[in-house]
Amino acid sequence: TISKDDYLKNVMDCFVYDGKQYLMPVSFYISTLIGKESLLGVDGWTFDELFRFADEKNIFYNYSRSQLVNLLIENNITEFVDYEAMRADFDSEIFVRLIEYIKKNGIADDDYLHYSQYPMQNEVYKNYFVRFTDDFCCVDERNVFNLRPIAEYKYGYIGEEIVYKGYPSNERNGNLVYTKCVMGISDKSEVKDGAWEFLKLLISDEYQNALGSMCFPIKISSFEKNLSGSEKSSVIHRADGTFFKTEDVSETDIEKLRAVINSDLRPFTKDSSINAIIDEELEIYFNTFASAEETAKIIQSKVNLYLSEIK
């Protein structure tokens, strides 16, 4: 017998529509923005809060414009598109301010280099390793699928308590669920019994316990086994080319991760068609004298047209 109580409710709820569990995640990880708790406070922030921080601090270190578009807009698309009402919200003041922020603070794509592509004596390379301790940034984007990211940031790059700040969101619920595998059975399927047997196998103890360290299982008992068996330290690269092993994460650190997973999560949503519209118009905005307001209106019009076509 399968009981929903045996599975992580808040992750499962990301795939509930109209009160029904249409899709079943088999495994998952959390995508978030990690930073200093002493600076950023509790989990979650709105766009207005991000803008206030940006007036005084560097939010990101060495991010290109396209990376910031992907991080703040495209990974966060449900903040700007209401798929139930099939309506967009790109001509808002928040979106205008956001693309202005990205143009001002993101590195032009043609000029961008990953920190590792710079010579070791270059300031961009050296500052990467002290980006948090020397206040070159507030957050990093990070996927959390085991305990090593906690060790890397709390006991490595940041060196103090971390906060899972998440992507900016009107509801301050910016920690996103990515699924490695999500399954559903069509109501019109002619092989429902066989499909259900296959799905039961994927959420069974045998399969869930064998998922490994590159994702979290959806079953609670397997999730806890995964945590207890996970590598609790990480190896950090220094600017001079040497390495050091971090301290192990503590039970308090693990409990904080559990709290995030049991919090109000959002599913990651990707819309390639809308992303293509955004990329095309922002390419013009970033490289011409087009205004942010006019760019937002064009994106709004094109996306609403697309949404009307797929209703």
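Side chains are part of it too, since the values below use all heavy atoms of this structure and drop only hydrogens, waters and symmetry mates. Residue indices begin at 1 and follow the sequence shown. Just so we're clear, the structure is a prediction, and the values are computed from it rather than from any experiment.
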Point to revise | Derivation and outcome, salt bridge (Lys or Arg N to Asp or Glu O under 4.0 Å), residues Lys165 and Glu49 | key: CA-CA 11 Å; Lys165 200 63 178 172; Glu49 289 169 334; 5.7 Å; no
Exercise for review: Go through Asp135 and Lys36 one step at a time and tell me if the salt bridge (Lys or Arg N to Asp or Glu O under 4.0 Å) criterion holds.
Suggested key: CA-CA 10 Å; Asp135 291 328; Lys36 290 182 185 178; 3.5 Å; yes
Exercise for review: Would you please test Ile73 and Ile102 for side chain to side chain contact (heavy atoms under 4.5 Å, CB included) and show each step?
Suggested key: CA-CA 10 Å; Ile73 300 173; Ile102 293 171; 3.9 Å; yes
Point to revise | Verdict with reasoning, Glu224 to Arg258, per salt bridge (Lys or Arg N to Asp or Glu O under 4.0 Å) | key: CA-CA 10 Å; Glu224 291 299 330; Arg258 287 194 188 97; 2.9 Å; yes
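Residues Phe216 and Leu227 form a side-chain contact, since some pair of their non-hydrogen atoms from C-beta on lies under 4.5 Å apart. In this structure the side chain of Arg97 reaches within 4.5 angstrom of the side chain of Phe51, judged on heavy atoms. Ile203 is listed as a side-chain neighbour of Ile2, based on a closest heavy-atom distance under 4.5 Å.
Remark: the Ser213 side chain and the Glu231 side chain contain no N/O donor-acceptor pair separated by less than 3.5 Å. Side-chain polar atoms of Asp271 and Tyr83 form a donor-acceptor pair below 3.5 angstrom. Under 3.5 Å, the side chains of Asp48 and Thr46 contain no donor-acceptor pair of N or O atoms. For the residue pair Asp253 and Ser250, a side-chain donor N or O sits within less than 3.5 Å of a side-chain acceptor on the partner. Of the N and O atoms on the side chains of Ser31 and Tyr167, at least one donor lies less than 3.5 Å from an acceptor on the other residue.
A salt bridge does not link Glu100 with Lys103: every distance from a Lys NZ or Arg NE/NH1/NH2 to an Asp or Glu carboxylate oxygen is 4.0 Å or more. A salt bridge does not link Arg266 to Glu171: none of the charged side-chain nitrogens sits closer than 4.0 Å to a carboxylate oxygen. Looking at Asp187 and Lys192, a side-chain N of the basic residue comes within less than 4.0 Å of a carboxylate O on the acidic one, giving a salt bridge.
With hydrogens and angles ignored, the 3.5 Å screen pairs a side-chain donor or acceptor of Gln208 with a backbone N or O of Leu202. Between the side chain of Ser64 and the backbone N or O of Asp109, no donor-acceptor pair lies under 3.5 Å. For the pair Thr32 (side chain) and Ile34 (backbone), a donor-acceptor distance under 3.5 Å is absent. At least one donor-acceptor pair under 3.5 Å links the side chain of Asn146 to the backbone N or O of Arg148. No donor-acceptor distance shorter than 3.5 angstrom exists from the side chain of Thr242 to the backbone of Arg238, with no hydrogens or angles considered.
Under the 4.5 Å side-chain heavy-atom criterion for grouping Ile, Leu, Val, Met, Phe, Trp and Tyr, Tyr63 is not connected to Ile107 through any hydrophobic cluster. No chain of hydrophobic side-chain contacts below 4.5 Å, direct or via other Ile, Leu, Val, Met, Phe, Trp or Tyr residues, connects Phe95 to Leu305. Hydrophobic clustering, with ILVMFWY side chains joined whenever heavy atoms are under 4.5 angstrom apart, groups Leu33 together with Tyr29. A continuous path of ILVMFWY side-chain contacts below 4.5 Å connects Leu265 to Ile254, so both sit in one hydrophobic cluster.
In this structure, CG in Asp43 is found 11.5 Å from CG in Asp264, a value given to the nearest 0.5 Å. Remark: Met12 CE to Met24 CE distance equals 4.0 Å, nearest 0.5 Å. The CG atom of Leu113 lies 8.0 Å from the CG atom of Asn62; values are rounded to the nearest 0.5 Å. In this structure, the separation between CZ on Arg131 and SG on Cys137 is 5.5 Å, given to the nearest 0.5 Å.
By the neighbour-count criterion of 12 heavy atoms within 6.0 Å, atom CD of Glu197 is densely surrounded, having more than that number from other residues, nucleotides or ligands. For CG of Asp134, the number of neighbouring non-hydrogen atoms (other residues, nucleotides, ligands) closer than 6.0 Å is greater than 12. Applying the 6.0 Å contact sphere to CD of Glu255 captures more than 12 heavy atoms from other residues, nucleotides or ligands.
Ring planes of Phe243 and His237: parallel class, angle under 30° (limits at 30 and 60°). Ring planes of Tyr128 and Tyr61: tilted class, angle from 30 to 60°.
Between Tyr178 and Phe268, the ring center distance clears the sub-6.0 Å criterion.
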